[in-house]
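Structure first, then comments.
Numbered from 1 within each chain, the chains take letters A, B, ... in sequence-line order. Because the structure is predicted, anything quoted here is derived from the model rather than measured.
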Amino acid sequence: MQNLLHNLNPEQLAAVTLPAQSALILAGAGSGKTRVLTTRIAWLIQTGQVSPQGVLAVTFTNKAAKELLTRLSAMLPINTRGMWIGTFHGLCNRLLRAHHRDAGLPQTFQILDSGDQLSFIKRLLKANNIDDEKFPPKTLMYFINSAKDQGLRAAQVDAYDEFNRKLVGLYDLYDAQCQREGVVDFAELLLRTYELLSRNQPLREHYQARFKHILVDEFQDTNDLQYKWLKLMAGAGSSRGAAVFAVGDDDQSIYAFRGANVGNMSAFEREFEVQNLIKLEQNYRSHGHILDSANILIANNSKRLGKNLRTDAGHGEPVRVMEASSDIQEANWIIEEAKNLIREGLPRSEIAILYRSNAQSRVIEHALFSANIPYRVYGGQRFFERAEIKHAIAYLQLMDNLHNDSAFLRVVNFPTRGIGARSLEQLQDAAKQHACSLYAAVPYVGGKAGSSLAAFIKLIEGARFETQYLPLPEMVQIVIELSTLKTHYQTEKEGADRIENLDQLVNAASLFVSEEGFGKDAPALTGPASANTVLLENGDGNVIIDADAALPTVMSPLSAFLSHASLEAGDNQAQAGQDAMQLMTVHSAKGLEFDAVFITGLEEGLFPHENSAQEESGVEEERRLMYVAITRARQRLYLSFSQTRMLHGQTRYNMRSRFLEELPEESLKWLSPKIQPQWFGNKKSAWDDAPAVGANRIAQNFNQVADANAWRIGQGVAHPKFGEGVIVNIEGSGTNARAHINFGKFGMKLLDLSIAKLEKI
DNA sequence: CCTAACGCTCTTTTT
DNA sequence: GAGCGTTAGG
């Protein structure tokens, strides 16, 4: 135990050894958050305060869960199997598998990833003759997901107008169709579990009694439903409730756009009667100038719990700032600086290039490629999202659940077997008429022996029969062959990579079987009974099976593998292993750290992003994003922006980011001359002072590119409706040019210069 | 029924 | 500029 607590600083020590009460740990960037979390669990177990079975630790990503588990097994000589450590979704999946009957789900229910969900919705709209111009699939998807993320069923959503009433109706239809097909989206995993536990008292009490300590990572990222879920799981309010140990950083809350609610932190303090609030403010990562920049930047945010990072490291190098004339020049500059760093002895993998949006990576990649520097881009397509893998998985899904229409439609004519749109339309009509799945509807549409559809059914049935007693990897192998996916890609000229990936899928299945404890001889389609299964009597004399840690107790290897494929989309790293520079969005950099970091594209409209600039809360989230970006750096930090940039095939002329003005002068070193733009006189908003713009360099630069008659930044204009205003920014060129114009009391407008009736004044 | 050409959109992302 | 979805033609 001595060495467990060894080397913790006083705050960390205090957090790790807190009594069994709910606690909120405000853990700043680089303050040893994961260390505290793992040591806390190890300490609780080692001191006998809790058994491994009594621990529930929740994370957001599989990566974080895995890291928790590995670091924990290094600390503790015990089997970690008894502990429940996983993502919200992974844990809910386990619960729903074990209690599928109580949750009203088929045993082989399948999980829709976001791509699946979108095509599911498109299909729903088409089947119900809904105009997808008026109700775009993405809008509906967002509507449904955010309702579920708040814990609301269709009936509970407040429909305040005609449009919303329609959306609610579609939400209801959507849920019904999911139920019919035996599929569940990500948010549903949580909502279903929440409803299951709130309705089923014996079950709820069983789990509440079991988990004495609940630990939550990245608490600032929880949404409303996850918070309610935690309250239920912990038995909040009851005297025997679990101790919830929540670790988070409100300054790193960057996922509000997908439902995360930082307000959960203060709600937690209140509702869990938190007596122990501990701030971890000692930073072990960054040099002084970098940390000062982060602290001073984030101080511009109004809604904060308040926290200031400090370091014992010296000031270190100043933060270097560069203005480039174009995005291409920006990329070339980055590469020159990176070469210097590499020459100084930095490994390439310790240099990261961050950007706000993925579209920015192309120019940088091109420059790196020309310079012959190995690099790795994060955030590309994941393994399980590749088309060929999705197809193979769909065959398996269909075999596991014949009513999964999404899977049916994906592969019924792939590879092509002469089943076209017309036959499928008929089939869909028949399915609707008989209220059954597409698979079951085949006999109704002349699925006579010999027809293409009948042949397809025969294929699926044959595959089921042939593989029913085979271990999972063989099963996958055979399905890839029988489906003719392999031969299809063999005849395709670019198919070699795809075949390689299909082989990888068989490997993934083997790996999954050995890692998740599915014996190689276990039958693939039926779940084996297990000695680990815990049986309990509930009040009605019914039996509750505790969903214990090992998946084999509650589901078949195939179902488990399919869940795995949806819940863990797999690595998206290209050529791992090589010492390569790291390219990624700021979002995906969260949780990582590097010796040297480049933050690129620091321009108004890009970072902060224009879609976030409308509301103050949007700008504050962008600022937190910038804070996350800065705090990734250990020793060197470079900031860059460009006068011109190609975006969506058009040249844009952006002002430099307001965030640059918010950094401490004394920590910065400008590598290019710093031109003082007049519109940054105050810190409210970059737009506010726009009318004061006179001749400035960006405008001049714009004039060099465009012809003399063109509109220019700073030009005063008159509009028939909005009156007098001034051009603040121009994007695009020629007939596509649009301008941000500040019309004073009418506010900022974005007008098409070739359409709007504007006069120069 | 299948392929090629056009036209629209377009943050951030994990599960 | 690129990827997707729709439409026109083979």
Side-chain angles (χ1 to χ4, degrees), chain A residues 58-65 86-93 111-119 122 126 132-133 136-138 142 145 148-149 184-191 193 217-218 221-223 225-226 253-260 327 354-363 366 378-382 384-385 387 413-425 452 563-570 572 584-591 601 605-614 618 621-622 624-626 628-629 645-652 731-732:
Chain A
V58 201
T59 64
F60 278 87
T61 66
N62 293 300
K63 199 172 145 206
T87 62
F88 277 103
H89 297 85
L91 297 170
C92 286
N93 180 44
I111 302 164
L112 300 177
D113 67 27
S114 16
D116 299 335
Q117 191 187 14
L118 190 63
S119 31
K122 285 177 185 165
K126 204 163 260 170
D132 59 3
E133 301 250 301
K138 281 208 174 121
Y142 178 79
N145 288 341
K148 288 191 180 184
D149 282 344
V184 179
D185 61 49
F186 285 134
E188 182 73 21
L189 283 170
L190 278 117
L191 184 51
T193 308
D217 191 19
E218 306 277 15
D221 287 339
T222 51
N223 63 33
L225 177 56
Q226 285 157 344
S253 157
I254 55 174
Y255 287 111
F257 72 91
R258 64 174 200 221
D327 46 357
L354 309 185
Y355 33 82
R356 172 68 240 266
S357 67
N358 283 308
Q360 288 165 252
S361 78
R362 258 199 39 255
V363 177
H366 181 79
Y378 283 73
Q381 218 189 16
R382 320 286 207 74
F384 285 106
E385 285 166 358
N413 198 33
F414 192 91
T416 48
R417 40 179 77 88
I419 301 170
R422 222 164 49 89
S423 339
L424 288 178
E425 216 167 281
S452 310
S563 294
H564 169 80
S566 300
L567 288 176
E568 197 167 344
N572 52 18
M584 66 195 82
T585 62
V586 180
H587 280 92
S588 38
K590 191 173 155 204
L606 205 64
F607 198 1
H609 197 275
E610 53 196 344
N611 295 3
S612 311
Q614 316 309 121
E621 177 144 324
E622 295 285 309
R624 290 191 294 269
L625 203 47
M626 182 67 184
V628 168
R645 181 175 299 277
M646 279 293 273
L647 200 64
H648 307 322
Q650 294 182 328
T651 308
R652 306 200 358 163
E731 48 185 66

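Counting any heavy atom pair closer than 4.0 Å across all strands shown, D185(A) reaches no nucleic acid atom. As judged by a 4.0 angstrom heavy-atom cut-off over every strand, G420(A) is placed among residues touching the sugar-phosphate backbone only. Across all strands, A187(A) comes closer than 4.0 Å to no nucleic acid atom at all (heavy-atom distances). Nucleic acid contact for S563(A): none, since no nucleic acid atom lies under 4.0 Å from a heavy atom of the residue. At the heavy-atom level, D221(A) lies nowhere under 4.0 Å from the strands shown.
The side-chain heavy atoms of D327(A) and M646(A), taken from C-beta on, include a pair separated by under 4.5 Å.
Distance CZ/F60(A) to CD/E218(A): 7.5 Å, rounded to 0.5 Å. Atom OG of S588(A) is separated from atom OH of Y355(A) by 7.0 Å, given to the nearest 0.5 angstrom. How far CD of Q360(A) is from CG of L354(A): 10.5 Å, rounded to the nearest 0.5 Å.
With rounding to whole Å, N145(A) atom CG is found 16 Å from dT14(B) atom P. Distance CG (L190(A)) to P (dT14(B)): 17 Å, rounded to an integer number of Å. The distance from atom CG of N62(A) to atom C1' of dT14(B) is 9 Å, rounded to the nearest whole Å. Taking atom CG on L424(A) and atom C1' on dC1(B), their separation rounds to 12 Å, with Å as the unit. Taking atom NZ of K590(A) as the reference point, atom P of dT14(B) lies 11 Å away to the nearest angstrom. Atom CG in L225(A) sits about 15 Å away from atom C1' in dT14(B), given to the nearest Å. Atom pair L191(A):CG and dT15(B):C1' shows a separation of 15 Å (rounding to whole Å applied). Going from atom OH of Y378(A) over to atom P of dT14(B) covers 12 Å, rounded to whole Å.
When each of S566(A) and G418(A) is assigned the nucleotide of DNA chain B with its nearest heavy atom, G418(A) is the one assigned upstream, toward the 5' end.
Listed by chain and residue number, E622(A) satisfy the salt bridge (Lys or Arg N to Asp or Glu O under 4.0 Å) test with R356(A) (two or more places apart in sequence, or in another chain). Taking the salt bridge (Lys or Arg N to Asp or Glu O under 4.0 Å) definition, one finds that D217(A) meets it with K33(A), sequence neighbours left out. Taking the side-chain hydrogen bond (donor to acceptor under 3.5 Å, both in side chains) definition, one finds that T193(A) meets it with nothing, sequence neighbours left out. Every side-chain contact (heavy atoms from CB on, under 4.5 Å) that A256(A) has, sequence neighbours left out, goes to E621(A).
The residues R382(A) and D113(A) are annotated as not salt-bridged, no charged nitrogen and carboxylate oxygen being separated by less than 4.0 angstrom.
Shown here, dT12(B) is classed anti by the O4'-C1'-N9-C4 or O4'-C1'-N1-C2 angle, which is more than 90° from 0.
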Identify all pairs in which a protein N or O lies below 3.5 Å from an N or O of nucleotides 9-13 of chain B, and state each distance.
{"residue": "dT11(B)", "atom": "O4'", "partner": "H609(A)", "partner atom": "NE2", "Å": "3.3"}
{"residue": "dT12(B)", "atom": "OP1", "partner": "N358(A)", "partner atom": "N", "Å": "2.9"}
{"residue": "dT12(B)", "atom": "O4'", "partner": "R356(A)", "partner atom": "NH2", "Å": "3.0"}
{"residue": "dT12(B)", "atom": "N1", "partner": "R356(A)", "partner atom": "NH2", "Å": "3.4"}
{"residue": "dT12(B)", "atom": "O2", "partner": "R356(A)", "partner atom": "NH2", "Å": "2.4"}
{"residue": "dT13(B)", "atom": "OP1", "partner": "T585(A)", "partner atom": "OG1", "Å": "2.4"}
{"residue": "dT13(B)", "atom": "OP2", "partner": "N358(A)", "partner atom": "ND2", "Å": "3.1"}
{"residue": "dT13(B)", "atom": "O2", "partner": "R258(A)", "partner atom": "NH1", "Å": "3.4"}

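Two rings, from H587(A) and F257(A), have their centers less than 6.0 Å apart.
At the phosphate of dC2(B), OP1 or OP2 sits under 4.0 Å from a side-chain N or O atom of N413(A).
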Protein-proximity profile, nucleotides 2-10 of chain C, B/S/- by nucleotide at the 4.0 Å heavy-atom cutoff, equals ---S-----

